[in-house]
Chemist: 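This is the structure I have questions about; it appears just below.
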Amino acid sequence: MLDIKFIRENAEVVKTAVKNKNDNADINLILELDEKKRTTQYEYDTLRAEQKKISKQIPILKKEKKDVSDILKQMKDAAQKLKELSSQTSAIENQLHQELLRVPNIPAENVPVGKDESSNRFVREWGEKRKFDFEPKDHLAVAEKMQYLDFKRSSKLSGSGFAAYVGAGARLERALINFMLDFHLKNHDYKELSLPFIVNRQAMVGTGQLPKLEDDMYHINEDDMFLIPTAEVPVTNYFADEILSYKDIPKKFVAYSPCFRREAGSYGKDTKGLQRLHQFNKVEMVRLVHPKDSYAVLEEMVQDAEHIVQALGLHYRVVELATGDLSFASAKTYDIEVWAPGSQKYLEISSISNFEDFQARRASLRFRDEDEKVKYLHTLNGSGVATPRTYIALLETYQLKDGRIELPEILQPYL
RNA sequence: GGAGAGGUGACCGAGCUGGCUGAAGGUGCUCGCCUGCUAAGCGAGUGUGGGGGUCAUACUUCACCGAGGGUUCGAAUCCCUCCCUCUCCGCCA
């Protein structure tokens, strides 16, 4: 969420940002509601102050045995008027709040402006595309030969968009998760969290999935709860509504979770095999940091994720997202795309974002700084990394001519 | 699911026979004093959010005592609904 004061004073900046993000939030409506809210509230505050003042006199007058029936009568009218004003104010306030929750975060200054991923900026790459002396198969073909996956049977259970990992194939998936968690714990000094995979509405609002992206979330009607689309949600909201001390930060967490996404409106788009699933596993990094550090930390997190891909010996490239490709809540995002030689394309396996104070404001994540002032934290998160597409890259990169695969040494202890 | 207890400021904890309570006391924190250093001690200050006001302070006002309603001139205090925590019982693993 953006600060209403900031919007009030920088309306044009915000409007440009909204446009660059291909969003349609109505800033004029917000300004109007803000104005209206302040007027109504001022009226309420003034009358209420008067009411309190007079109310305080009543017991004193009574003590002096004076007649207060006139005052009481007059106060009754004031009370009625106050009731009206207060419900008016809260109605406006509510509407304003709902509108504010729909305003996207402002892209950071150096983010390339552009309407979609075609404007993304290449940052760097690592390794190179593996060369084969035979025609490399795609991951589905490899998986079939190895009997790692069974989509026919998973669809019997849950329809399309779900995977069944079988035998050594299931083990490889689990190996990846454990390897990545251990790697971050040992080499990057993260603290592991294992949190609920089902969260309430407030948590989803806190990280910015709601209200805009509700259609893409799995909702449990009976309890008004949601299956998490990423561990970012429970982990980031972990300290919601608290005021930490500057001594308590930075926080550095890594968490494994399954991720549930309805992927509404993405039919047929790169959905083959493991590419796009309604349920997949991911190891997520989350940082809660002092505002002055967040951009340095962003760079660090990209490298934390890169180290994983490097350890697996997979060729990848890093791109910086253009404004139009940034997510709703993000101010700046890097993607890591791994090379899948069988499919002959790069697959996004990690998205690392700085949200600045956007999520912190929604979830009320604050800290008391050295100067005693209460400030919003900056939040960041990044995949470290998502398993299905890493799985694809592994199968395709390490396949042998005879159809078997030879996985990197570093995974061996987990297999 | 049933019975009981409870949810108050960064934290702990009073108040809960309605007005003098934004809220005692303590801890923590900040500043000062004291101390050879450390610890202890002494003094002062210290809630969050919004509005008005100011160059900025000052000042002023409103909201907030789990959430939402209600009663009342006036509610942390009374009533209703819901949520959460703890203890016991039941149920399932």
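Naming convention: chains lettered A, B, ... in sequence-line order (proteins, then strands); numbering from 1 in each chain.
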Chemist: Whole angstroms only, please: what is the NZ-C1' distance between Lys52(A) and U60(B)?
Modeler: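 Distance, rounded to whole Å: 13 Å.
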Chemist: Starting from P on U30(B), measure out to NZ on Lys247(A) and report it in whole angstrom.
Modeler: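 Whole-Å distance recorded here is 5 Å.
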Chemist: Using atom C1' of each nucleotide, how far apart are G52(B) and G45(B) to the nearest Å?
Modeler: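 Looking at atom C1' only, G52(B) and G45(B) are 26 Å apart.
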Chemist: Considering non-hydrogen atoms only, spot the tightest contact between Gln399(A) and Ile405(A) and give its length.
Modeler: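 The pair with the smallest heavy-atom distance is CA-CG2, 3.8 Å.
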Chemist: To the nearest Å, how far apart are Leu47(A) CG and A63(B) P?
Modeler: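 Value for this atom pair: 11 Å.
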Chemist: Ignoring hydrogens, what is the shortest heavy-atom contact between Glu320(A) and Val111(A)? Give both atom names and the distance.
Modeler: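 Of all heavy-atom pairs spanning Glu320(A) and Val111(A), the closest is OE2-CA, 3.7 Å.
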Chemist: Show the distances under 3.5 angstrom between N or O atoms of the protein and N or O atoms of nucleotides 6-9 of chain B.
Modeler:
none

Chemist: Under 4.0 Å between any heavy atoms, over every strand shown, what does Lys5(A) touch: base, sugar-phosphate, or nothing? Just pick one.
Modeler: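 Lys5(A): backbone/sugar contact only, no base atoms under 4.0 Å.
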Chemist: When both hydrogen-bonding distances must be under 3.5 Å and the geometry is Watson-Crick or G-U wobble, what is U46(B) paired with, if anything?
Modeler: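 Answer to the pairing question: G28(B), which forms a Watson-Crick or G-U pair with U46(B).
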Chemist: Taking the side chain of Tyr42(A) as heavy atoms from C-beta outward, which of G52(B), C29(B), C73(B) is closest to it?
Modeler: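 Of the options given, the side chain of Tyr42(A) lies nearest G52(B).
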Chemist: Leu82(A) CG to U72(B) P: how many Å, rounded?
Modeler: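 Rounded to whole Å, this separation is 14 Å.
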Chemist: To the nearest Å, give me how far apart CD (Glu50(A)) and C1' (C62(B)) are.
Modeler: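 Distance, rounded to whole Å: 14 Å.
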Chemist: Could you please name the partner base of C33(B), counting Watson-Crick and G-U wobble pairs only when both distances are under 3.5 Å?
Modeler: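 Because both required distances fall under 3.5 Å, C33(B) counts as paired with G41(B).
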Chemist: Aromatic rings Phe260(A) and Tyr218(A): how do their planes relate, parallel, tilted or perpendicular, breaks at 30° and 60°?
Modeler: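 Perpendicular, since the angle between the ring planes exceeds 60°.
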Chemist: Can you tell me the pairing partner of A3(B) across any strand shown, Watson-Crick or G-U wobble, with both distances under 3.5 angstrom?
Modeler: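 Result: U87(B).
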Chemist: I'd like to know if Arg201(A) and Glu214(A) make a salt bridge, using a cut-off of under 4.0 Å between side-chain N and carboxylate O.
Modeler: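 Salt bridge flag = yes for Glu214(A) with Arg201(A).
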Chemist: Any base atoms under 4.0 Å from Arg8(A), or only sugar-phosphate, or nothing? Heavy atoms, all strands.
Modeler: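 Sugar-phosphate contact only - Arg8(A) comes under 4.0 Å of backbone atoms but never of a base.
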Chemist: Taking only the side-chain nitrogens and oxygens of Lys83(A), find out if one of them lies under 4.0 Å from OP1 or OP2 of U71(B).
Modeler: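 Yes.
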Chemist: Which atom names give the shortest non-hydrogen contact between Arg368(A) and Ile243(A), and what distance separates them?
Modeler: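 Residues Arg368(A) and Ile243(A), closest heavy atoms: N-CG2, 3.9 Å.
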Chemist: Return the value, rounded to whole Å, for the distance between atom NZ of Lys62(A) and atom P of G18(B).
Modeler: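 Computing the Lys62(A):NZ to G18(B):P distance gives 13 Å.
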Chemist: Between G68(B) and A14(B), how far apart are the P atoms? Round to whole Å, please.
Modeler: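 Looking at atom P only, A14(B) and G68(B) are 25 Å apart.
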Chemist: Is Val374(A) touching bases, backbone alone, or none of the nucleic acid, heavy atoms closer than 4.0 Å?
Modeler: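 Since only primed, P, OP1 and OP2 atoms lie under 4.0 Å of Val374(A), the category is sugar-phosphate.
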Chemist: Could you tell me how far U71(B) sits from A3(B) if I compare only their C1' atoms? Round to whole Å.
Modeler: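 Those two atoms are separated by 29 Å.
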Chemist: Which base, if any, makes a Watson-Crick or G-U wobble pair with A67(B), both distances under 3.5 Å?
Modeler: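 Looking at the geometry, A67(B) pairs with U81(B).
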Chemist: Does Arg368(A) place a side-chain N or O at less than 4.0 Å from the phosphate oxygens OP1/OP2 of U30(B)?
Modeler: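 No, Arg368(A) has no side-chain N/O under 4.0 Å of OP1/OP2 on U30(B).
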Chemist: Under 3.5 Å, is there a donor-acceptor pair between the Tyr190(A) and Arg287(A) side chains?
Modeler: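 The criterion, which ignores hydrogens and geometry beyond distance, is satisfied for Arg287(A) and Tyr190(A).
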Chemist: Expressed as a whole number of Å, how far does the P atom of A40(B) sit from that of C83(B)?
Modeler: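 A40(B) and C83(B) have their P atoms separated by 46 Å.
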Chemist: Please examine the side chains of Trp339(A) and Arg317(A), heavy atoms only from C-beta on, and report whether any two atoms are closer than 4.5 Å.
Modeler: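 A side-chain contact under 4.5 Å is absent here.
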Chemist: Which nucleotide, in any strand shown, forms a Watson-Crick or G-U wobble pair with A58(B), with both distances under 3.5 Å?
Modeler: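 Matched A58(B) with nothing under the 3.5 Å cut-off.
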Chemist: Hunt down the Watson-Crick or G-U wobble partner of G19(B), both distances under 3.5 Å, from any strand shown, or write none.
Modeler: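 The base-pairing partner of G19(B), which may sit in any strand shown, is C73(B).
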Chemist: Of all the choices, U48(B), C62(B), G50(B), which nucleotide is nearest to the side chain of Lys37(A) once you look at every atom?
Modeler: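 Output: G50(B).
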Chemist: Please give, in whole Å, the distance from G47(B) P to Glu242(A) CD?
Modeler: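 So the two atoms are 20 Å apart, to the nearest Å.
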Chemist: When the nearest nucleotide of RNA chain B is assigned to Glu370(A) and to Asp34(A) on a heavy-atom basis, which residue is associated with the more 5' position?
Modeler: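 So the residue in question is Glu370(A).
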Chemist: I'd like to know if Asp45(A) reaches the base of G50(B) with its side chain, counting only an N/O donor and acceptor under 3.5 Å.
Modeler: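 By the distance-only test, yes, there is a pair.
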Chemist: Would you mind telling me which of G74(B), C73(B), U48(B) lies closest to the side-chain atoms of Arg366(A)?
Modeler: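 Closest nucleotide to the Arg366(A) side chain: U48(B).
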Chemist: Looking at Arg38(A), I'd like to know whether one of its side-chain N or O atoms comes within less than 4.0 Å of OP1 or OP2 on G50(B).
Modeler: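 For G50(B), OP1/OP2 do not have a side-chain N/O of Arg38(A) under 4.0 Å.
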Chemist: Ignoring backbone atoms, test whether Gln51(A) places a side-chain nitrogen or oxygen under 4.0 Å from the OP1 or OP2 oxygen of G74(B).
Modeler: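 Gln51(A) to G74(B) OP1/OP2: side-chain N or O found under 4.0 Å.
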Chemist: Could you give me the CA-CA distance, side-chain angles and deciding distance for Phe162(A) and Leu157(A), then say whether side chain to side chain contact (heavy atoms under 4.5 Å, CB included) is met?
Modeler: CA-CA 9 Å; Phe162(A) 292 88; Leu157(A) 301 172; over 6 Å; no
Chemist: So does Phe355(A) get a backbone contact from the side chain of Asn105(A), meaning a donor-acceptor N/O pair under 3.5 Å?
Modeler: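 Indeed, once roles are kept as given, a pair shorter than 3.5 Å links the two residues.
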Chemist: Identify which nucleotide among U61(B), U48(B), C73(B) has an atom closest to any side-chain atom of Lys76(A), counting heavy atoms from C-beta outward.
Modeler: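 Of all the options, the side chain of Lys76(A) is nearest to C73(B).
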Chemist: Go nucleotide by nucleotide along RNA chain B from the 5' end; which of Lys56(A) and Ile4(A) gets its closest nucleotide reached first?
Modeler: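 Going by which nucleotide is closer to the 5' end, it is Lys56(A).
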Chemist: Is there a Watson-Crick or G-U wobble partner for A14(B) with both distances under 3.5 Å, and which nucleotide is it?
Modeler: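 In the structure as shown, A14(B) has no Watson-Crick or wobble partner.
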Chemist: Could you state the atom-to-atom distance from CD1 of Ile249(A) to C1' of A10(B) in whole Å?
Modeler: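 Roughly 14 Å, once rounded to whole Å.
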Chemist: Suppose you measure atom C1' in C82(B) against the same atom in U72(B); what distance do you get, rounded to whole Å?
Modeler: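 The answer is 24 Å between these two C1' atoms.
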Chemist: Mind checking the P distance from A56(B) to G47(B)? Whole angstroms is fine.
Modeler: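 Looking at atom P only, A56(B) and G47(B) are 22 Å apart.
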Chemist: For G53(B) and C62(B), measure between their C1' atoms and round to the nearest Å.
Modeler: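 Nearest-Å result for G53(B) against C62(B) at atom C1': 15 Å.
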Chemist: For A5(B) and G18(B), measure between their C1' atoms and round to the nearest Å.
Modeler: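 Pairwise C1' distance, A5(B) against G18(B), rounds to 24 Å.
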Chemist: Considering non-hydrogen atoms only, spot the tightest contact between Arg361(A) and Met1(A) and give its length.
Modeler: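 Heavy atoms only, the tightest pair is CD-O, 3.1 Å.
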